[in-house]
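Residue numbering restarts at 1 for every chain, and letters A, B, ... go by the order of the sequence lines. The shown structure was predicted, so the numbers you read here are calculated from the model rather than taken from an experiment.
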Amino acid sequence: MPELPEVETTRRQLAPLLVGRTIVRIEHDGRHRYRDTHLAEGRRVTRLDRRGKYLIAQFEDDPHESLELIVHLGMTGGFRSATGRHTRVTVHLDDGSALYFQDSRRFGKWAVVRTGEYGSMPTLQNIGPEPLSEDFDEEAFVTQALNAPVVKTWLLSQGPVAGLGNIYVDEALWRAGIHPARTRLAPEEARRLYTAIREVLTEAVEAGGSTLADHTYAQPNGESGWFQFRHNVYARKGKACARCGGTIEKIVLGQRGTHFCPECQPHAQPEPGSDAGARARKGRTT
DNA sequence: CCTATTTCCTGGTAGC
DNA sequence: TGCTACCAGGAAATAG
């Protein structure tokens with residue numbers, strides 16, 4: 001499913017095709033998930049940004065209003081250079097080219113809104129700092145983590161940090177040696193998690209994201225990402241943990257498949273002053 | 001304010 | 001082979 005690395009890869013490939021172009025027409029199949037897209041017609045795109053898992057195309061201001069197009073890829077959404085069986089939206093550009101949005105499961109969502117007005121999208125409205133930017137402050141994260149509810153659910157909310165989904169949450173928690181169901185992290189754990197999030201996302205962006213076995217995600221140029229080959233827990237139930245040799249387990253947490261290593265992601269709260277991460281870090285450096 | 005549950009949506013696949 | 005049942009899950013809506 002597209003998370004920050006997949007959306008960022010999409011953004012980088014889409015930007016040269018879209019920025020500077022004027023949208024002539026947007027066709028879609030009439031579902032409620034593509035709101036007010038007609039307002040984009042006749043407008044020139046000045047930049048393509050990303051916030052968490054959201055793509056945001058900014059339009060050139062006109063005297064009356066400033067608008068932007070928000071695109072969320074959902075579970076299976078992605079851009080292609082040609083139509084396909086699951087093309088849901090077609091964007092016709094002024095140079096005669098077109099962009100095709102395919103989305104087999106229809107969880108993707110588009111909307112044209114006034115710039116910065118995200119009232120209809122509460123998650124975007126309340127989204128946390130970009131994990132790969134200076135805005136992601138380690139001490140602020142650590143402070144919040146002291147009172148965190150179930151850590152996986154907390155991270156998936158997009159509040160403490162933007163852009164994490166089911167895959168990269170599981171991977172980051174494994175790397176930090178923290179059980180997904182833990183609450184109220186100790187400062188040392190939260191610091192490990194902060195670093196793990198940045199490392200996992202950085203490496204995944206460099207890899208062009210993850211393309212899962214169902215091949216639903218591809219880059220706009222049609223190529224697959226390859227970070228799936230570096231997953232340590234996601235979709236690896238029953239396999240050996242690369243760090244300790246334990247067996248990866250899968251449980252359900254917050255309605256989501258959750259993968260972890262019970263050996264090096266212990267559920268017990270660390271005792272005050274102890275270094276619960278010793279095993280995890282040792283495994284990583286040897 | 002917060003947490004838990006349900007809904008959306010459809011292709012792929014397990015099981016018979 | 002062909003059918004049914006179920007699973008995947010981000011975010012919003014709803015309920016408590």
Side-chain angles (χ1 to χ4, degrees), chain A residues 1-11 28-36 50-56 70-78 80 83-89 101-111 113 117-128 130-131 144-173 180-184 197 201 204 209-218 224 228 231 233-238 248-260:
Chain A
M1 51 248 56
E3 305 178 25
L4 185 150
E6 292 78 24
V7 179
E8 177 60 20
T9 301
T10 299
R11 189 194 67 77
H28 59 72
D29 59 5
R31 302 300 181 107
H32 58 281
R33 292 184 172 274
Y34 315 117
R35 202 158 44 82
D36 295 331
R50 179 190 55 73
R51 273 296 271 134
K53 304 175 204 170
Y54 295 83
L55 288 168
I56 303 180
I70 316 290
V71 175
H72 193 294
L73 302 180
M75 297 269 310
T76 56
R80 297 290 187 278
T83 51
R85 189 149 69 102
H86 307 299
T87 299
R88 309 299 187 195
V89 184
F101 180 72
Q102 73 146 37
D103 184 15
S104 66
R105 294 183 198 172
R106 293 185 184 276
F107 270 45
K109 207 163 134 182
W110 294 40
V113 301
E117 291 191 7
Y118 305 142
S120 63
M121 310 168 119
T123 302
L124 181 56
Q125 176 98 318
N126 300 314
I127 201 162
E130 280 300 315
Q144 289 183 70
L146 295 176
N147 293 309
V150 173
V151 63
K152 173 163 180 174
T153 310
W154 180 64
L155 293 173
L156 286 176
S157 75
Q158 309 299 302
V161 59
L164 291 173
N166 209 37
I167 296 171
Y168 296 105
V169 162
D170 282 3
E171 294 297 323
L173 288 168
R182 283 288 315 284
T183 61
R184 307 172 72 89
I197 289 167
L201 293 177
S210 303
T211 298
L212 302 185
D214 61 7
H215 292 103
T216 50
Y217 170 75
S224 296
Q228 66 276 14
H231 290 174
V233 282
Y234 187 82
R236 289 181 47 81
K237 174 186 174 185
I248 304 301
E249 280 187 17
K250 181 178 180 184
I251 59 173
V252 175
L253 205 57
Q255 319 296 106
R256 302 236 153 42
T258 298
H259 316 75
F260 68 103

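- The closest side-chain heavy-atom distance from A/Leu156 to A/Arg256 is below 4.5 Å.
- The separation between A/Gln102 atom CD and B/dC9 atom C1' is 15 Å, rounded to whole Å.
- For the pair A/Tyr34 OH and B/dC8 C1', the interatomic distance rounds to 12 Å; values are reported in whole Å.
- Taking only side-chain nitrogens and oxygens, A/Lys152 never comes nearer than 4.0 Å to OP1 or OP2 of C/dG9.
- Straight-line distance from the CZ atom of A/Arg85 to the P atom of B/dG11: 6 Å, rounded to whole Å.
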Tell me, for nucleotides 10-16 of chain C in 5' to 3' order, what letter each nucleotide earns: B for a base near a protein heavy atom under 4.0 Å, S for only sugar-phosphate near one, - for neither? BBS----
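- Spacing between atom NE2 of A/His259 and atom C1' of C/dC7 amounts to 12 Å, rounded to whole angstrom units.
- Between the side chain of A/Arg106 and the main chain of A/Gly108, no donor-acceptor pair closer than 3.5 Å is present.
- Across the protein-nucleic acid pair, A/Asp103 atom CG and C/dG9 atom P stand 16 Å apart, rounded to whole Å.
- A donor-acceptor contact shorter than 3.5 Å links the side chain of A/Asp170 to the backbone of A/His259.
- The nearest whole Å value for the distance from the NE2 atom in A/His86 to the C1' atom in B/dG11 is 7 Å.
- Side-chain atoms of A/Glu171 come within 3.5 Å of backbone N or O of A/Val233 as a donor-acceptor pair.
- Atom P of nucleotide C/dC7 and atom CZ of A/Arg105 are separated by 14 Å, given to the nearest angstrom.
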For a side-chain contact (heavy atoms from CB on, under 4.5 Å) check, start with the C-alpha distance between A/Leu164 and A/Leu201, then their side-chain angles and the critical distance, and finish with the verdict. CA-CA 9 Å; A/Leu164 291 173; A/Leu201 293 177; 3.9 Å; yes
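- Within the nucleic acid shown, A/Gly257 comes within 4.0 Å of sugar-phosphate atoms alone, with no base atom in reach, counting heavy atoms only.
- We find that A/Glu3 and A/Lys53 are not joined by a salt bridge, their nearest charged nitrogen and carboxylate oxygen being 4.0 Å or further apart.
- The aromatic rings of A/His231 and A/Tyr168 lie perpendicular to each other, with more than 60° between the two planes, well past the 30° mark.
- In the set B/dT6, B/dT3, B/dT10, the nucleotide with an atom closest to the side chain of A/Pro149 is B/dT3.
- Nearer to the 5' terminus of DNA chain B, by closest-nucleotide assignment, is the contact made by A/Thr153 (compared with the other of A/Arg106 and A/Thr153).
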